[in-house]
Amino acid sequence: MSRLIYLVPLLPLAGFLLNGLGRKRLSKTAVSVIGVGTVLAAFGISLSIFFETLSPGFAPQTVRIADFIDTGRVKIPFSLLVDRLSVLFLLVITGVGSLIHLYSTAYMHEESEPDFARYFAYLNLFVFSMLVLVLGSGFVTMFIGWEGVGLCSYLLIGFWFRNPAYNDAAKKAFVMNRIGDLGFLMAVFWMLSRFGTAEFAGVFEKAPEATAAVLTGITLLLFVGATGKSAQIPLFTWLPDAMAGPTPVSALIHAATMVTAGIYMIARSHVLFDLAPVTQTVVAVTGLATALLAASIALRQNDIKKVLAYSTVSQLGYMFLGLGVGAYTGAVFHVMTHAFFKALLFLGAGSVIHAMHHEQDIRRMGGLAKRMPVTHATFLLACLAIAGLPPFSGFFSKDEILMAALAKHPAYYAFGMLGALMTAFYMFRLYALTFRGAFRGTAEQSAHLHESPWAMTLPLAVLAVLSVAGGWLGIPEVILPGAHRLGDYLAPVLSGEDGEGMAVAHLDHATEWILMGTSTAIILSVVAFAWSRFSRQVPSDAPAGGGLSGLLERKWLVDELYDAIVSRPLRALSRFLSGVVERYIIDGLVNGVGRSVQYGARQLRLLQSGQVGSYLLIMVFCMVLFFIVQMFWKP
Amino acid sequence: MNAILLSALWGVVMMFTGLASPHARLHGRMAVVGMALLVVAAWLDLAGISPFGITGGGMLSYGPYESVFIILMAGCALLYLLLSVHVMADGGTGTSDPLALIFFVMTGICIIAGFRSLLMLFLGIEIVSIPLYILSASDKRNLRSNEAALKYFLMGAFSTGVMLMGVTLLYGTHGSFYLEALNIGEEALSPLATAGIVLLLVSMAFKVSAAPFHFWTPDVYDGTPTVFTSFMATIVKGAAFFAFLRLFQDGFGRLHEHWRLLMAFLTAATLIIGNVTAVFQQSVKRMLAYSSIAQAGFMMLALFALNQTARTGIVLYAVSYSLATIGVFAVLARMKDHSFEAFNGMAGRQPLLALLLTVFLLSLAGIPLTAGFFAKYQMIAATLEEGRMVWLAILALLCAVVGVYYYFRVIQAMYFRTGGDAQPEVSKGTRAVLVVTALAVLALGIHPDWLLRFLSY
Amino acid sequence: MPINHYLFLSLALFSIGVAGVLARRNALIVFMCIELMLNAVNLLLVAFSRMHNAAAVALDPASTVGAEAQILVFFIMVVAAAEVTVGLAIIVMMYRNIHSVDINFLNRLKH
Amino acid sequence: MFTAFDNFPALLIWLPLLGALPAFLLRKEGAAGRWALASSLVTFTVTVASLFFQGEKHYALTQVSYVWLPDFGSSFTLTLDGISWILCLLNAVSFPVILGSTLGTCRDRQHVFFGLMLMAQAGLNGVFLSADALGFYFFWELALIPVYFLASLWGGERRVQAAFKFFIYTFAGSVLMLAGILWMHMRTTDQSFSLASFYRTSLDPVEQAWLFWAFFLAFAIKMPVFPFHTWQPDAYEQSDTAVTMVLSGVMVKMGVFALIRWLLPLFPDALKRFDEIAILLCIAGMLYASCIAMVQDDLKRMVAYSSIAHVGLMAAAVFTVQQEAWHGVLVQMFNHGVNIIGLWVVVSLIESQLGVRKISQLGGLAQKAPSLAVLLTVIALANIALPLTNAFVGEFLMFNGLYRHNPWYAAAAGLSIILSAVYMLNMIRNVFLGGTNDLTDGFREVSFRHRAILALLVVVILAAGVHPEPMFRLVEDTSDLILKRVQSR
Amino acid sequence: MNTSQMLFWFLTALSILSALMMVTSRNPVHSVLWLILVFFSISGHYILMNAQFLAVVNMIVYAGAIMVLFLFVIMLMNTKADAEPRHANRMRLAGTLAGGSLLLVLVAALRETELRGISLEGPEGDIGLVARLGSILFTEYVVPFELSSVLFLSAMVGAVIIGRKN
C-alpha cells in the first residue's frame, strides 16, 4: 500500500481543485461528498499503510515522485517519507480531519453555496498541505507544506472576509508564521551549505560531523520556525486571534494539526536536537514559559474559543517542554491525545456556538447541560482529559512529559505541574460557566437552543471515545510494563540505539507513583473548586480592573507590547523613509542635480550680457590667460 | 578647384540673374541648379577631372578627403537651399543677392577646405565672413538683425586682427605661410611661434564659437533672419571646424603635446557653457544657438584628440549636425513664434512634420540609429583613443545628457502638450525634402560606414 | 635696427588697438581701433619680410624670400577695404535705425 | 553554416519591428490593437518554436553574425543561448498578455500606442539577443525611446515629467556605459565590439574599477537598485498601466540580464573588490523599498516599491556569483515578470472600473468580483514567493546563494520576506476583503477575457512553481559557462 | 645713431603717440586725424624697410580712401561731440587694463626670442619694389589675387543689400 502513498495528499488536493473550480456549479451535497470523501479516502489509505507499518519487517521508505529543484549544487526532490512517525501523523490528520470535515458539513450549512464550496476547498487544501508537511522527506518539502498550512490558516481565519477584524487576525497569523518561516528557511540554507542537502536522511547522516556551534545554530533557527507555527513565545499572539475563523477550522488547524507541525518538525529532526543541548534547554524553557503564560491568560478569558485557544498554546508549550527534555515520544503522544481532546473541545464549543447563534461569551451561557446532552457529555470528557485525570488520555501523555521533565530538572516539573493546575482550573471554569448553573442568554436564544444534528454529534462522539481511550496506547511502565505501545511503535524513528524512555529510566517507580498520586489529587481538588465555584458565581461584565487579574484579562499586554516595540516603530520608520528620506534625500539629490543644472544655466546666462564690450573684454582676458598658461606655466 | 571656380562664378551669375529678372522663384531655381552643379563639380574634383587645370601654387590642395568634404557640404547646402528659397522669396527683398552671397560663402568654404597656406586660410575665412556679416544684417528694419550684424562684424573683425597677428608671428619664426613649413616639430617651439599658435587658436576658436570666445554666437544666431542662421550655424560652422582641424593637424600637429591642455580647456568650457546655458532658453531659436555651441564642444574633442578617428569623425559630425539642424531650422523659419510653447500640440496638427522634427532632434541629442549618435561616437572614441584626459569624454557624455533635456523639450511640446498655434505652412515639396533629409540622418545613423569609407581613402 | 624693436612697436600698437576696442563705445572708433590692429600686423609683417629677405639675399641677390609677407600685407589691405565697406554700411544702417553709434545701445539680444 | 535555427534570433527582432509598422497605419478603431495582439502571438509562436530547433546546441552559446559595421569592428551579432532565450520567452509571453489585457481600454491614438508597444518589444528582444556591445547599446536605447513616448503620451497628469525623469536618468546611466563600451573596444586586441572579444580582453585593475562602476551605474539605474530608484515609482505611477507592465515586467530585467551577460564576465577582478558594496546596496534597497511599500496608499506605487525590493534581491544574488543563485536569478526574471504583470493587470482592471487607485478608498471587491479576487490572491501569493508558486523556486535559490556568500546578508535580506507578506496582505485586505463602500459598490466582475488572461498567468505561475526543471535545463549550461568565466579570472 | 635710426625712433614715437591720441580722443574727427597720422608714420617705417610699394598703397588706400570714408560717415552722422556717456569709466579702466596686460604678457613672452640678435641692417633685396612685387603677385599669387575679387563682389552686394531702400 505504501506505493499508493502519493494518493494520500493528492486526494485532498483533488478535492480542493474540484470544489474550488466548481464552486459556482456544485450543490452543497456534492461539495460535502467531495470534501469529506477525499479526506476519508485518504484516511482509509493511511490506515492500510499504518497496518503495513505494524509488520515487523517494515522499513521506512522514501517514495520519490519527481525532481523539484535540481540545479547546480542544490538537489531537492519531491519525495515522500513513509515511516512510523509520519504515518502516525497521517492517521491523526486524516482521521481527525475527516471527522471535522463531516462536522463542518452541518456547521457551515448556513453559508451560501459558493462560500460553502470555498470553505471545503480551503479545508481540503489544508489537509493536502499538512500531509505534504508530514510526508516530506526533506526540510524543503516539509517547508512547502509548512507554508501551505500557513496559507490555508490565513485563508480560513479570514474566511468571513467581510469582517475587517477577521482579516486582521488572518494577516497577523500569516505574518507571524512568516517570521518563523524565515528562521526555518535560514536553517535550511545553513544545512544546504553545510551538508549539501536538506533531505532528512542526508542531514542526519552528516550531522554528527558538524560542530556543536553549527548544530546549535541550525536547531535554534529551526526552533524559531517552530515557535511561529506552533505559537510559542514570542510568536504566540496570532493563535488566540485566529479564533476568528469558523470553529471547525479552529479545531482542525489551530488545535489538532497545524499548530503541532513544530512539534512534528522537532521530533523529526531530533537527531540534530539531541546533538545540541543548548537548543534543547532553550526549547524546554520556552515551552514551559509559554505553557505558564498562556495558561495564566486563559484563567481570565470569557470567550469560549479564546479560552480554548490559550489552552492550546499552553498545551503546545507542554509538548515543547517534552521535546526539550528529550521525551520525543511523550511529545508526539501528547500531540495525538491533544488532537483528540482539543478537537473535541473545539467542536463541542462549536456546537454550543452553533446552538447559541454565534454567541461566544461564556458569561451569556450556562445550564446547557440539559439542553445539549451529547455536547455536554463529550465536552465534559474532554475537559477531564485535558485536566490530566486518569484514566483519560491527557493524563498519560502529560504524565510522560512531566516525568521526563522531572528527570531533567525538578524545576521543570514544578512549573509544569503549576501549569497543569491552572489548566484544570480554567477548563472547569469554562465547563461550569457553560454547562452548569442557569441559562443566562436571551429568550430568543433560549427558544432556539437545541442539540446539534448528527453530522456534528457523531464526530463529537468518536472524538470523545478517542479522548478517553487514546491514552491507553501509552501506559507508563510503572502502571503496566510493556504497555507503551506508542513508544514501541515509534522507537525505530524517535530513539536511536539507546532505546526509549532514557529520561524516565532515572526515576524509581515509587517516586513516580507518589508524584502521580499527589498530582491527581491536587488536580481533582482544583477541578472540584472550579466546578463548584463557577456553577454559581459568574464573572462580572465590568472591564478588567488593575492588578494581576486585570493584567491577565488583558493578556499580559503582550499585543500592546509588540505594537509598541515592533509595529509602531516599524510603521514610523517606514513613514519616515517614505516621507523624508525618499522624498527629500534620495529624490531630492536626483532632482537637485537637475536643479543645479538649471541654476547653473541661470547664472551662466548672465555672462551673455548683450554688450559687445564685455564680450570682447572676456575674450581678451581669456587670451591673456591662455598666454600665461601656455608660455609661463610648465606643468 | 572646379568647386571654387564654379561657386564664385555662380555667385556672379546670381547677381546678374537678379538684374535680369525680378522673379524670386527663378532666383531660387537658379540657385538650386547652381548648388547641384557645385556638387557635381566637387565630384569631378574627386574624380580628378579638372578642366581648368589651375593649381593654387601649392597654396591649395584637394585630396579625396577634402573633396568629399566639399561634396558633403555642397550637398547640405543644396538641401538647405531646397528648404529655404521659398522662405527667402517670401521675405520680400529680391532673393538673388543673398543667394549670390551664399555662393560666395561656398567659395570661401572651398578655399578653407583645401588651404595649405595661412594666406589662403586668411583669405578664405574673410570670404566666408564678409558675406555672413551682410546676411545677418539683411533684415534691415529689424533692430535685432541690426544688432546681430554689428556684433558679428565688430567681433569678427577683431578676431581677424588677432588671427593676423598670429599668422605674422608664425611667419616671423618660419619665414613661410605653408603648413608644411610650420609643422616641423619641437624645434619650431620658439616663444614667437607659440604665441602665434595661441593667437591662431583664439581666433579659430572664435570662428567655431568655442567658449569662452563664443559670445557672439547666441546673439548673432538669434538676431539673424532664421533662414540665414540655418546656413551660418551648419555648413559654415562645419567648414570652420574643418579648417580648424586642418590647421592644427597639418600645421601644428607635431606640437600637439604643447597645446593640448588649452584645447582641453576650450572643449570643456564649450561643452559646459553650451549645454548648461541652453537649458534655460525660452526660445527654440536661441536654444538652437546654444545647442550649436554645445555641438561645437563635441567637435572640439576632435581637435583635442587629433587622430584618424577625429579626422573622419569631424566630417561625419559636421554632416550629421548640419542635416539635423537644417531640418529643424527649416520648420522654425516658417513659424512666427519661436518659443517652445509655439510647438505645443504640433504632433496633432502636423504629424509628419512633428515626426521629422523628432528625428532631427533625436539626432542632435545623439540617440542611436540617428547620424548624431555616430557623430558623437566618433568624437568620444577619438578622445578615448588618445588615452589621456578620459574625463573629457565622460564630461562630454554627461553634457549629452543635459543636451537631451533641452532637445526633448521640443519633442515634449509637440507630442505631450496641447495648445499652441504653430501652423508652419510647409509645401509638399518642402516636406519631401525634409523627408529626404531625415532619411539621410537615419541612413548615416544605421550605416555611417558608407560615409566614413569615402573619407578614409 | 634690431628686429625686436619692430616687434615691440607692433605689439604696442596692437595692444593700443585692443585697448581702444575695449574701452571705446563709439562703433566708428572701435572700428578704427581694429584698423590700427591690422596696421600693427602689417608693420610687423613687413619687418619680418625684410628680415627673411635680408638673410636670403645674402646668399642669392635675386631671392624673392620675404615677398609673400608683403603680398599678405597687400591682401590684408584688400580685405580691410572690403571690411570697411561692409562695416560702415552696417554702422550707417544702425545709425539710421536708432540714431546712435553706441555699441552698447543695442542689447536686446542677451541671455 | 546557417541552419534553420540560426535565423531565429534575427527573426525575433524583425517580427515585432515589422509588425509595428502596419500598426501605425491602422487607424480604424480597435484594428491596431488586434493586429498588435496577432503580431505578438506570432512572435510568441516563433519564440517557442525556436526552442525546438535547437538541435544539438543545447542552449549553449550559439552566435549568428551579420555584417553591419566592419570598419567599426562591430557586427550585428545575436546569440540565442539559455539566458537570452528565457528572457525572450518572457518578452514573448508578456506582450500578448499585456496587449490582450489592454485591448478594449479607451485610449486616443490607438494605432500609435500599439505600434510603439511592438517597437518596444523589438528593442527588448534586441537587448537580450545582442552579442555585440554596440548593438547592445543600440537596442538598450531603442527599447527606451518607444517606452518613453508611451509613458509620456498616456497616463496620469504628471506623466510627462515622470517619463522624462525616467528617460534622462536612464540615459545618463547608459552614456556612462557607452564610455565603458568604447574603452573596452579600444582595449580589445582586434578592435572589435563583439562579446567574444570583450571576454578575451584583459584589463588592469584601475581600468576595471572605473569600467565596473560605469557599467554598474547604467544597470543599477535600469533595474533599479537603491539609491538610483527614484524614477521608478513616479514612472510606474504616472504611466498607462500597460506601459508600466512593459517597464516592470520586462524592462527592468534588462539591468539584471546585463549584469550577468556583461558586467560580471568583463570585470571579474573589480567584482572581487566591489561585490560587497553592490550586494549591500541591493539589500539595503530591498529593506528600504519594502518598508516604503508598506505605507504606500497608491496601488501602483506599492507595486512599484515591491518591484524594487524583488529586483534588489535578484541583483544581490547575481553579485554573489553562486552557481545556483544565478540559476535562481534567471528563472526568477521570468517568474517575476509574469507575477508583476499579473498584479498590474489587476490594478488596471480596478482603475479602469473605478478610476481610483488609492488603497484607502477601496474595499470589499472580493464580494463583487470573487473570481478576480481569487486570481489576484494567487498572483499576490506568488509575488511573496509562497512555495509551489513560481517565485519560490527562484527566491529559494537566490537566498541560498546569498547565504553561501554571507549568512548575515541572507538574514537581513530575509526580512524582506516578512515585510513583503505584510504589504501584500495589507493590500489584499484593504482592497479586496472587508466591506464595500459607496465607491466599490458599483464594481462588477471583470470580463471573461481578463479573467482568462489572469487564469493563464495563474496556470503559468503554478506550473513553473511545481515543475521548474525545464527552465533550469534551459538556463543552466549558459549560466555555468558565464559563471566559470567570472570565477576563472 | 645714424639717420635711419633717428628716423626709426622718431616714427616709432610718432606712431605710438598718435595711436594713443586716436584712442583717447573724445571727438571722432580727431580720432580719424590721429589715425591718419599713425598710418603716415607706418608708411615711413615701410620706406625705411624698403617696402616702397606698400608704403604707397598704405597711404593711398588707408590714409586716402578708407579714412576719408570714415570721415565721410562721421560727417554724415553729424556726431561731432562724442555721445559717449561719462559713466563708462569702469569699462575704460577694464579695457586699458586688458590691453595693458596683453602687451605685458606678449612682451614678457617674446622678450627672449630667437630673433633677439637679428638686425635689419643687411643687404637689401628688391622685393619691396613695385615691379618685383607685381610680377610675383600676378604669377605665384594670381589665384588668391583673383579670389580676393570675390571679397569685393561680396562687399558690393552687401552695400546693395544694406543700402537699398525697401
Side-chain angles (χ1 to χ4, degrees), chain A residues 69 71-72 569-635, chain B residues 147 150-155 157-159 162 165-166 189 191-192 194-195 197-199 201-203 205-206 210-220 222-223 257-263 265-266 269 272-282 286 289-290 293 398-399 401-402 405-406:
Chain A
I69 299 174
T71 187
L570 184 63
R571 207 147 272 276
L573 173 72
S574 300
R575 291 238 168 74
F576 173 73
L577 290 179
S578 152
V580 179
V581 176
E582 176 83 347
R583 186 185 300 173
Y584 295 111
I585 298 183
I586 295 180
D587 207 22
L589 270 178
V590 175
N591 292 338
V593 172
R595 250 183 244 126
S596 60
V597 169
Q598 297 210 334
Y599 176 80
R602 272 200 299 281
Q603 299 307 311
L604 273 179
R605 96 201 142 94
L606 295 180
L607 276 180
Q608 198 75 28
S609 60
Q611 311 222 323
V612 190
S614 66
Y615 296 171
L616 287 167
L617 190 66
I618 296 172
M619 270 180 71
V620 171
F621 269 123
C622 286
M623 206 155 81
V624 172
L625 194 74
F626 276 27
F627 268 111
I628 292 170
V629 169
Q630 190 67 24
M631 316 289 277
F632 303 112
W633 187 53
K634 298 279 176 268
Chain B
E147 183 181 347
L150 184 75
K151 282 179 175 171
Y152 193 16
F153 170 75
L154 283 180
M155 298 183 77
F158 180 79
S159 89
V162 172
M165 184 48 100
L189 202 68
L192 215 53
T194 314
I197 292 175
V198 171
L199 288 171
L201 180 68
V202 168
S203 65
F206 172 87
F213 308 106
H214 67 284
F215 288 104
W216 60 278
T217 318
D219 295 359
V220 171
D222 195 8
E257 289 305 314
H258 298 277
W259 46 264
R260 186 207 299 275
L261 185 69
L262 285 186
M263 205 58 101
F265 170 75
L266 276 175
I272 293 172
I273 290 182
N275 280 297
V276 171
T277 319
V279 166
F280 181 77
Q281 298 309 316
Q282 305 304 320
R286 207 166 165 81
Y290 279 103
I293 298 171
L398 291 178
C399 285
V401 177
V402 179
Y405 179 81
Y406 51 82

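By convention in this document, chain letters (A, B, ...) are assigned in the order of the sequence lines, proteins followed by strands, and residues within each chain are numbered from 1.
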Open item on the list: Using a 3.5 Å distance criterion without hydrogens, assess whether the side chain of B:K151 forms a donor-acceptor pair with backbone atoms of A:Q611.
Closed with: no

Open item on the list: Is any side-chain heavy atom of A:M623 closer than 4.5 Å to one of B:L199?
Closed with: yes

Task: Contacting moiety of B:L266, where chain A heavy atoms sit under 4.5 Å - done: side chain

TODO: Could you tell me which portion of A:V620 (side chain, backbone, both or neither) has an atom closer than 4.5 angstrom to a non-hydrogen atom of chain B?
DONE: side chain

- [ ] Select one option (side chain, backbone, both, neither) describing which atoms of B:L201 are under 4.5 Å from chain A's heavy atoms.
- [x] side chain

Open item on the list: Is the terminal nitrogen or CZ of A:R602 (NZ for Lys, CZ for Arg) located under 6.0 angstrom from the six-membered ring centre of B:F280 and within 45° of that ring's axis?
Closed with: no

Task: Pairwise side-chain contact, B:T277 with A:Q608, heavy-atom cut-off 4.5 Å (strictly under) - done: no

Task: Heavy-atom pair of closest approach, residues B:V276 and A:G600 - done: CG1-C, 3.6 Å

Open item on the list: So which atom in A:L604 and which in B:I273 form the shortest heavy-atom distance, rounded to 0.1 Å?
Closed with: CD1-CA, 4.1 Å

Open item on the list: Is the shortest side-chain heavy-atom distance between B:P212 and A:M619 below 4.5 Å?
Closed with: no

Open item on the list: I'd like to know which of B:V202, B:D219, B:V279, B:I272 tops the heavy-atom pair count under 4.5 Å against chain A.
Closed with: B:D219

- [ ] Could you check which of B:F158, B:W216, B:F215 has the highest count of heavy-atom pairs closer than 4.5 Å to chain A?
- [x] B:F215

Open item on the list: Just to verify, which of A:F621, A:F626, A:Y615 counts as forming a ring pair (Phe, Tyr, Trp, His ring centres under 6.0 Å) with B:F213?
Closed with: A:F626

- [ ] Check whether any side-chain N or O of A:Q630 sits under 3.5 Å from a backbone N or O of B:H258 as a donor-acceptor pair, and report yes or no.
- [x] yes

